[in-house]
Structure formats: structure tokens, C-alpha cells
Chemist: 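I'd like to ask some things about the structure below.
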There are 2 protein chains.
Amino acid sequence: MVQIPKPPAAEPPAPRSVPTSADVARLAGVSRATVSYVLNDSGSVRISEPTRRRVRDAARELGYVPHAAARSLRAGHSRMVLMPAPSFPAGPLYSRFLSDLQWALARLDYTAVQYGSVGLRGYEAARAWAELRPVAVLVPGADLDPQGVEVLKRSGARAVVTLGPEAVEGAHALLTDQEGVGHGAARHLYDRGRRAIGVVVPAEGGLDVFSAPRLAGAHRAVRGTGATVTALPLAYDEREAARLAARWGSLGLDAVFAYNDEYAMLLMRALQDAGLDIPADAAVIGADDLMLGRLLRPRLSTVHLELPAGRELAALVDRAVRDPGAAPERRKVLGATVVHRESS
Amino acid sequence: MVQIPKPPAAEPPAPRSVPTSADVARLAGVSRATVSYVLNDSGSVRISEPTRRRVRDAARELGYVPHAAARSLRAGHSRMVLMPAPSFPAGPLYSRFLSDLQWALARLDYTAVQYGSVGLRGYEAARAWAELRPVAVLVPGADLDPQGVEVLKRSGARAVVTLGPEAVEGAHALLTDQEGVGHGAARHLYDRGRRAIGVVVPAEGGLDVFSAPRLAGAHRAVRGTGATVTALPLAYDEREAARLAARWGSLGLDAVFAYNDEYAMLLMRALQDAGLDIPADAAVIGADDLMLGRLLRPRLSTVHLELPAGRELAALVDRAVRDPGAAPERRKVLGATVVHRESS
DNA sequence: TTGAAAGCGGTACCAT
DNA sequence: ATGGTACCGCTTTCAA
């Protein structure tokens with residue numbers, strides 16, 4: 001550390017503004033260019049050791065921190081990967097996936113940034129993202145249309161990846177096969193001899209992206225078999241669940257795919273409290289394979305979902321960035337496998 | 001829309017680069033200044049309606065999107081509120097809080113950005129955040145030291161707010177009173193006649209920020225009463241829980257504060273499977289007041305935690321930004337109230 | 001009503 | 001080995 005003489009006590013602490021590389025240069029008695037060379041360890045330019053020290057000390061002394069915006073403005077690009085915050089409430093599965101991904105991207109020297117674009121949709125949202133000039137954009141859900149992809153690419157995004165049920169023209173797609181989840185669940189119930197299957201559809205907003213295809217998948221699973229699939233709207237609330245359980249008998253159902261493990265827990269509890277035996281009177285299956293399913297009695301059958309590993313996705317992004325011209329990849333993720341336990 | 005003559009069919013589509021305001025100006029036949037005036041609806045300058053139209057059309061035509069970095073570089077400030085991603089696994093409570101906050105900040109015209117600073121700690125992490133020149137920084141957990149605050153402020157952050165158990169010199173603090181959570185839980189158990197209290201301490205990394213003060217609070221609650229508090233390390237895993245349950249008798253405990261509702265569910269299940277009666281043989285209390293607690297049998301007692309409302313926190317940030325000189329606020333959040341149900 | 005030009009904070013080419 | 005300088009894209013005085 002460089003020692004600086006203490007100013008006279010009377011002198012008011014100057015309201016110092018943010019130090020720039022020019023300030024560092026001045027203090028070190030060198031040019032801005034030299035400062036840049038030293039602090040970036042520029043390989044092609046040789047700077048004497050004493051000068052390096054002077055610059056480094058000056059920078060430390062001033063608490064200099066480079067200005068990322070200025071740097072990337074000059075460079076003409078950044079390594080920011082933008083991830084709009086999802087419009088749906090993030091579950092534990094997604095949270096884990098995110099931090100995984102951030103870690104993996106960091107290893108490839110990308111900076112992952114989650115951006116809360118509240119209130120904006122479609123093209124407007126994409127514009128807001130584009131203003132940040134990210135090198136790549138990873139959009140969860142279905143909040144992106146072809147126009148959005150276009151504007152992102154035109155503003156320099158070298159990779160646009162969607163993570164959701166549908167591919168978007170021009171963008172790479174990680175297809176979360178929600179339809180397959182519903183199909184697997186209903187198919188499992190059918191195979192266990194059930195013929196009248198309820199499918200919980202959460203009343204909560206933002207979840208339809210998932211619930212609609214899951215319901216559709218269930219329908220497909222029983223098509224032509226004579227078995228039936230019935231949509232069961234349900235809010236995530238004890239009373240709502242109790243109400244549904246109360247009219248269970250009148251529904252004539254013998255099984256239910258409860259959307260996910262949390263709704264399954266809710267509904268199963270309500271059914272049990274209503275005096276029903278699980279799985280005799282009603283088979284129940286959830287999805288997500290959360291720990292809580294294993295802790296329930298009877299143990300909850302579920303559909304295990306395998307989100308893509310962070311590494312893999314990061315690698316995809318990296319590939320796309322390096323070769324923006326390549327044809328959009330379109331890959332199914334969410335290996336959905338039924339885990340049969342005791343509730344079905 | 002402005003009609004442009006179609007180029008000869010043979011001409012290859014030029015690999016167009018990102019359009020700038022200069023391109024818009026060129027196409028509209030005006031200066032860059034005029035473009036800026038028009039697109040920003042500058043109040044102080046009057047531009048004729050025909051010119052405005054020409055500029056707007058040109059911008060649309062090119063798919064022009066302003067460059068946020070250039071803009072804030074010129075402006076000398078941004079409205080970005082930076083929130084480093086927490087180093088602990090985000091639970092449902094925190095997720096909800098976050099999206100609440102983002103919404104509230106957006107209403108005040110701030111842009112909330114979550115930044116995954118993987119692998120960096122303390123001063124280094126703060127430096128990385130400072131490079132983005134956010135107008136405010138909101139740091140969850142305990143990943144900030146006074147040096148970090150200093151570097152952030154020196155790089156122009158007008159508000160630094162920590163959300164965690166301890167205040168940091170120079171920063172506003174929202175004190176999540178984890179110690180009070182442990183105190184409330186243990187106190188409750190003591191009041192219910194329990195005298196040998198176990199406190200689950202998660203083995204998972206990153207959770208010690210919470211678990212240590214909770215344990216300390218439990219200790220304080222029984223100080224001088226003759227009752228005991230015993231730390232119970234536990235990984236979030238069925239087998240681990242079963243192992244702990246198996247040696248429950250030898251521990252001589254009659255109650256347990258299970259860190260949170262999820263660990264409580266895990267442990268309660270294991271204890272029940274080991275043939276113990278809840279709460280007769282062991283009183284159990286969790287924390288967070290998640291829905292799942294209400295669905296367990298016996299219903300789980302818990303400590304309800306009230307995170308600050310997004311609005312409030314956003315207002316605090318806004319106040320701090322407007323008056324950076326003000327003395328750091330230091331406010332307790334996390335109103336911890338015991339919810340007594342059946343498990344204790 | 002519009003344009004010319006300076007400058008925000010860096011980086012990198014070209015001289016010296 | 002170092003310094004001068006142009007430039008990245010945008011905003012904003014000041015002049016015309």
C-alpha cells in the first residue's frame with residue numbers, strides 16, 4: 001500500500017467522484033494507454049517493471065475499478081448471457097438448474113445475468129433485452145416470438161436459446177416436453193388399470209405453459225382406449241383441495257395426475273382427510289420427483305424430470321456463440337421417467 | 001412504413017451489422033442529434049411532425065435498438081439495481097420475495113438485475129459488481145465486507161443494502177433476525193414443557209449463515225433454565241434422517257427445532273417411521289411456514305417468517321438513491337412469529 | 001427547427 | 001518502453 005500524507009484536519013473530505021483510468025494515469029505519471037496495458041496484462045506490449053508497479057499502486061490507491069460499459073462499448077461485444085426471469089413461479093427444480101447453469105457459464109468465462117423484465121411482453125420485452133447487447137439470450141417459457149428473435153439477432157446476440165415447450169423460428173430450442181410428462185403419467189395410471197383419470201390444472205397464473213401440454217399429453221395417452229381424462233382446476237390452497245375432495249365421489253374418477261408433487265401432496269392430503277384410501281380409491285401421481293414425495297405415506301408416485309445439465313447447456317450456448325451461422329439446434333430435454341411408488 | 005426500392009435479385013444480402021442511431025439518421029436524412037431528440041421524446045426541443053415520422057419510420061425499418069451501455073456511459077449513471085445471486089440455495093420464500101421486489105423496483109423505474117458472481121468472494125466479488133456501475137446494490141447473505149461497501153460506493157453506487165444477519169459498516173442493513181427465529185422456536189418448546197431440545201444444523205454448505213444464529217438463539221432461549229440445547233447435524237437425505245432417528249432414544253431429547261419446514265418434514269417422517277409418537281415422544285417445530293407443514297399429520301408447528309414486502313424495500317432503495325448521504329438505515333426484518341399446530 | 005461537435009471511459013493502433 | 005489519438009454509440013449544449 002502506498003502511504004499518503006494525511007490532509008490537514010480542517011480540510012473537508014473532498015466529494016471525490018468515481019476514479020477513471022485517466023486519474024490512475026495522472027497519479028502514476030503515465031499515459032492512459034500505459035494504464036490500460038498494465039491493468040490488462042496486455043501480452044503484445046512490454047512495460048517495464050517499475051512502471052507496472054507505479055500503475056498498480058496508483059490503481060489500488062484510488063480504488064480504481066474499470067467501467068464495464070465503457071469497455072464493452074469499445075470492444076464492440078460483451079460476454080453477457082442474458083436470462084430473463086421466468087414469468088412463472090420458479091420451483092426448486094428450476095432454481096437448482098439456474099445456479100448450475102450460472103456456474104457452468106462462468107467456467108466458460110461468460111457472465112450470467114438474470115433480468116427482471118416486468119410488465120413487458122413479446123416484442124417489447126425482447127427490445128428491452130436487446131438494449132443490453134448480450135452475446136447470448138436464454139429465454140425460459142414461451143415469452144419469445146420470431147419477431148423477438150429477429151430483433152435480438154439484429155442487435156448482435158449471437159445465440160438465442162429458448163427453454164420451453166415450443167421452438168421459435170430462428171432460435172435454438174431446448175424443448176421441455178411437457179406433453180410427454182402428461183402422457184407418461186396418464187399412461188402409467190392406465191397401465192395400472194385406471195380408466196377414469198383426473199388431471200389437475202393449477203388455477204395459478206403463469207403455469208398454463210406447463211399445465212396445458214401436460215393435460216394434452218394425458219388425453220393422448222388414453223385416446224382410443226375408452227378411458228377418460230378429466231381436467232380438474234385447482235388452486236394451491238387447502239380449502240380448494242378439500243372442496244375438490246368432497247366432490248370426488250360424484251366425479252367418478254379412480255386416479256389423478258396432480259400436475260406436480262406439491263399439488264399432489266395437497267390433493268392427496270385432502271383425499272385422505274375425506275376418508276379415501278390411496279391408492280385403492282384413487283391413485284395419485286405427481287411430477288418433479290421432489291424429496292417430499294418420498295416422505296409421504298403412501299409414498300408418492302411421480303414423474304422424474306431431468307433438466308439439462310448446466311454444463312451441457314453452457315456448452316450449447318458457447319457453440320452457438322462461436323458459430324452463429326449454424327442451423328438452430330432443436331433438442332428435447334426433460335427426460336420424463338415414471339417413478340412408481342405406493343400412491344398409484 | 002418507408003418503401004425502399006428492392007435491390008437487384010442477384011445482390012447477396014449484405015451481412016448487416018448492428019444499426020446505430022447514425023444509420024437511422026442517414027436513412028431519415030437528418031442528424032444524429034435529431035434522431036436522439038425524436039426517439040427520446042425530448043421535451044425541450046421541438047421537432048416538426050414530418051421529421052419525427054421520418055425518423056420513427058427509419059428506426060423501425062432498421063430495427064434500431066438503442067445501446068444501453070453507450071447511453072448510460074454518456075449519462076454518467078444508470079438505473080440498474082444489482083442483486084448478486086445468493087450463495088445459498090434459494091427457497092420458495094426467497095424466490096417469491098425476489099420477484100416481488102423486482103416488480104416493485106420496476107414500478108419505480110429501476111431495472112433489477114440478478115448477477116451470478118460465481119467463485120468470487122468478498123472484495124473480489126464487490127469489484128466485479130462495481131464494474132457494472134449499478135446505482136444500487138442489494139446483497140443477500142453475508143458476502144459483503146466494509147471494503148466491499150467502500151469499493152461499491154467509490155464506483156458510484158448510491159445505495160448499498162445488505163439483507164442478512166449482520167450489518168456492514170457503511171451500508172444500509174435489513175437485518176434478518178435468524179437468531180430470533182431460533183430463540184422463538186426454542187422458547188416455544190420450552191414453554192410447552194420440553195427441557196432437552198435438539199436443533200438441526202443442516203450439513204449442506206451455504207446454510208450456516210442461517211443455521212448458526214438460529215442455534216445461538218436457541219441456546220439463549222434456555223440460558224439459565226436448566227434446559228439443554230443440542231446441535232444435531234443433518235444432511236437433507238432420507239438415510240441420514242433415519243440414522244438420526246435410530247439413535248434418538250440415546251440422545252435423551254424430548255424436542256427438536258428442525259431448522260426449517262423441509263428438514264422438519266424429513267426428520268418427523270424418520271422419527272415416525274422409527275415408531276416415535278409426535279409430539280408425545282418428540283415435539284417438532286420447523287420454520288418458514290410453508291404450505292407443506294399444514295399438510296403433514298400431525299400438522300407441523302412452525303416459525304412464520306415475514307420477509308419485507310417488495311414495495312417497502314424498493315422504497316428504501318429509492319430513498320437511499322435520492323439521498324446517498326443519509327445515515328445508513330438499520331432495520332430488523334423477518335418478523336418471526338411462532339405458529340403452534342399439532343407437532344409440538 | 002436542425003446540425004456540428006464535445007465528451008462519457010476505455011482500448012489499440014501507430015509513432016516516437 | 002511509452003505516449004498520442006481515434007473511435008465505440010449516444011446525449012446535449014451551443015450555434016446557425
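Letters A, B, ... are given to chains in the order of the sequence lines, protein chains preceding strands, and every chain is numbered from 1.
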Chemist: Taking only residues two or more places apart in sequence, or in another chain, which ones meet B:R26 in a salt bridge (charged side-chain N to carboxylate O under 4.0 Å, His left out)?
Modeler: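 Partners of B:R26 by the salt bridge (charged side-chain N to carboxylate O under 4.0 Å, His left out) criterion, ordered by chain and then number, come out as B:D23.
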
Chemist: Mind checking if B:T20 touches a base, just sugar-phosphate, or nothing, with heavy atoms under 4.0 Å?
Modeler: sugar-phosphate

Chemist: Would you say B:S36 reaches D:dC10's phosphate, i.e. side-chain N/O to OP1/OP2 under 4.0 Å?
Modeler: no

Chemist: In a check of side chain to side chain contact (heavy atoms under 4.5 Å, CB included) between A:V35 and each of A:I47, A:N40, A:V24, A:T20, which one passes?
Modeler: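 That would be A:V24.
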
Chemist: Rounded to the nearest 0.5 Å, what's the gap from CD on A:E49 to CZ on A:R56? Could you check?
Modeler: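 Taking CD in A:E49 and CZ in A:R56, the distance rounds to 7.0 Å.
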
Chemist: Would you list the pairs meeting side chain to side chain donor-acceptor pair (under 3.5 Å) in which at least one residue belongs to residues 314-324 of chain B, sequence neighbours left out?
Modeler: B:Y110-B:D318, B:D318-B:R322, B:R319-B:E329

Chemist: Strictly under 3.5 Å: I want the nitrogen or oxygen pairs between protein and nucleotides 1-4 of chain D, one per line.
Modeler:
| from | atom 1 | to | atom 2 | distance (Å) |
| --- | --- | --- | --- | --- |
| D:dT2 | OP1 | A:S48 | OG | 3.1 |
| D:dT2 | OP1 | A:T51 | OG1 | 2.6 |
| D:dT2 | OP2 | A:S48 | N | 2.7 |
| D:dT2 | OP2 | A:S48 | OG | 3.3 |
| D:dT2 | OP2 | A:T51 | OG1 | 3.4 |
| D:dG3 | OP2 | A:S31 | N | 2.8 |
| D:dG3 | OP2 | A:S31 | OG | 3.3 |
| D:dG3 | OP2 | A:T34 | OG1 | 2.7 |

Chemist: Looking at residues 66-78 of chain B, who's got a heavy atom less than 4.0 Å off DNA chain C?
Modeler: B:L73, B:R74

Chemist: Under 6.0 Å from the CZ atom of A:R107, do we count more than 12 heavy atoms belonging to anything else shown?
Modeler: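 For A:R107, atom CZ is not crowded (no more than 12 foreign heavy atoms under 6.0 Å).
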
Chemist: Using C1' atoms of five pairs at each end, report the bend of the helix from C:dT1-D:dA16 to C:dT16-D:dA1 rounded to 10 degrees.
Modeler: 50°

Chemist: Which residue pairs satisfy the salt bridge (Lys or Arg N to Asp or Glu O under 4.0 Å) criterion with at least one member in residues 64-73 of chain B, sequence neighbours excluded?
Modeler: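 Those involving residues 64-73 of chain B do not exist here.
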
Chemist: Within the side chain of A:R32, is there an N or O that forms a donor-acceptor pair under 3.5 Å with the backbone of A:A22?
Modeler: no

Chemist: Considering residues at least two apart in sequence or located in another chain, which fulfil the salt bridge (charged side-chain N to carboxylate O under 4.0 Å, His left out) criterion with A:R331?
Modeler: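 Partners of A:R331 by the salt bridge (charged side-chain N to carboxylate O under 4.0 Å, His left out) criterion, ordered by chain and then number, come out as A:E312.
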
Chemist: Shoot me the first and last contacting nucleotide of DNA chain C against chain B, ordered 5' to 3', at under 4.0 angstrom to non-hydrogen atoms.
Modeler: C:dT1 to C:dG10

Chemist: When you look at CZ of A:R311, are more than 12 heavy atoms from neighbouring residues, nucleotides or ligands closer to it than 6.0 Å?
Modeler: no

Chemist: Side-chain contact, heavy-atom cut-off 4.5 Å: B:L174 with B:L316?
Modeler: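 They are in contact (side-chain heavy atoms under 4.5 Å apart), so the answer is yes.
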
Chemist: Classify A:V24 by what it touches in the nucleic acid, base, sugar-phosphate, or nothing, heavy-atom distance under 4.0 Å.
Modeler: nothing

Chemist: Look up atom OG1 in B:T176 and atom OH in B:Y94, then write down how far apart they are to the nearest 0.5 Å.
Modeler: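 Here the interatomic distance stands at 10.5 Å.
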
Chemist: Taking DNA chain D as the partner, which of residues 125-135 of chain B come within under 4.0 angstrom of it by heavy atom?
Modeler: none

Chemist: List for me each residue that meets side chain to side chain donor-acceptor pair (under 3.5 Å) alongside B:E131, sequence neighbours excluded, and say none if there are none.
Modeler: none

Chemist: Distance-only check: which donor-acceptor pairs under 3.5 Å involve side-chain atoms of residues 155-169 of chain A, not counting sequence neighbours?
Modeler:
| from | atom 1 | to | atom 2 | distance (Å) |
| --- | --- | --- | --- | --- |
| A:S155 | OG | A:V151 | O | 2.3 |
| A:R158 | NE | A:V321 | O | 2.9 |
| A:R158 | NH2 | A:V321 | O | 2.9 |
| A:T162 | OG1 | A:H172 | O | 3.4 |

Chemist: Not counting sequence neighbours, which residues clear salt bridge (charged side-chain N to carboxylate O under 4.0 Å, His left out) with B:R74? List them please.
Modeler: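 Testing B:R74 for salt bridge (charged side-chain N to carboxylate O under 4.0 Å, His left out), a comparison that skips the adjacent residues, returns none.
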
Chemist: When rounded to the nearest 0.5 angstrom, what is the spacing between CG in A:L152 and CZ in A:R154?
Modeler: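 If we round to the nearest 0.5 Å, A:L152:CG and A:R154:CZ are 12.0 Å apart.
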
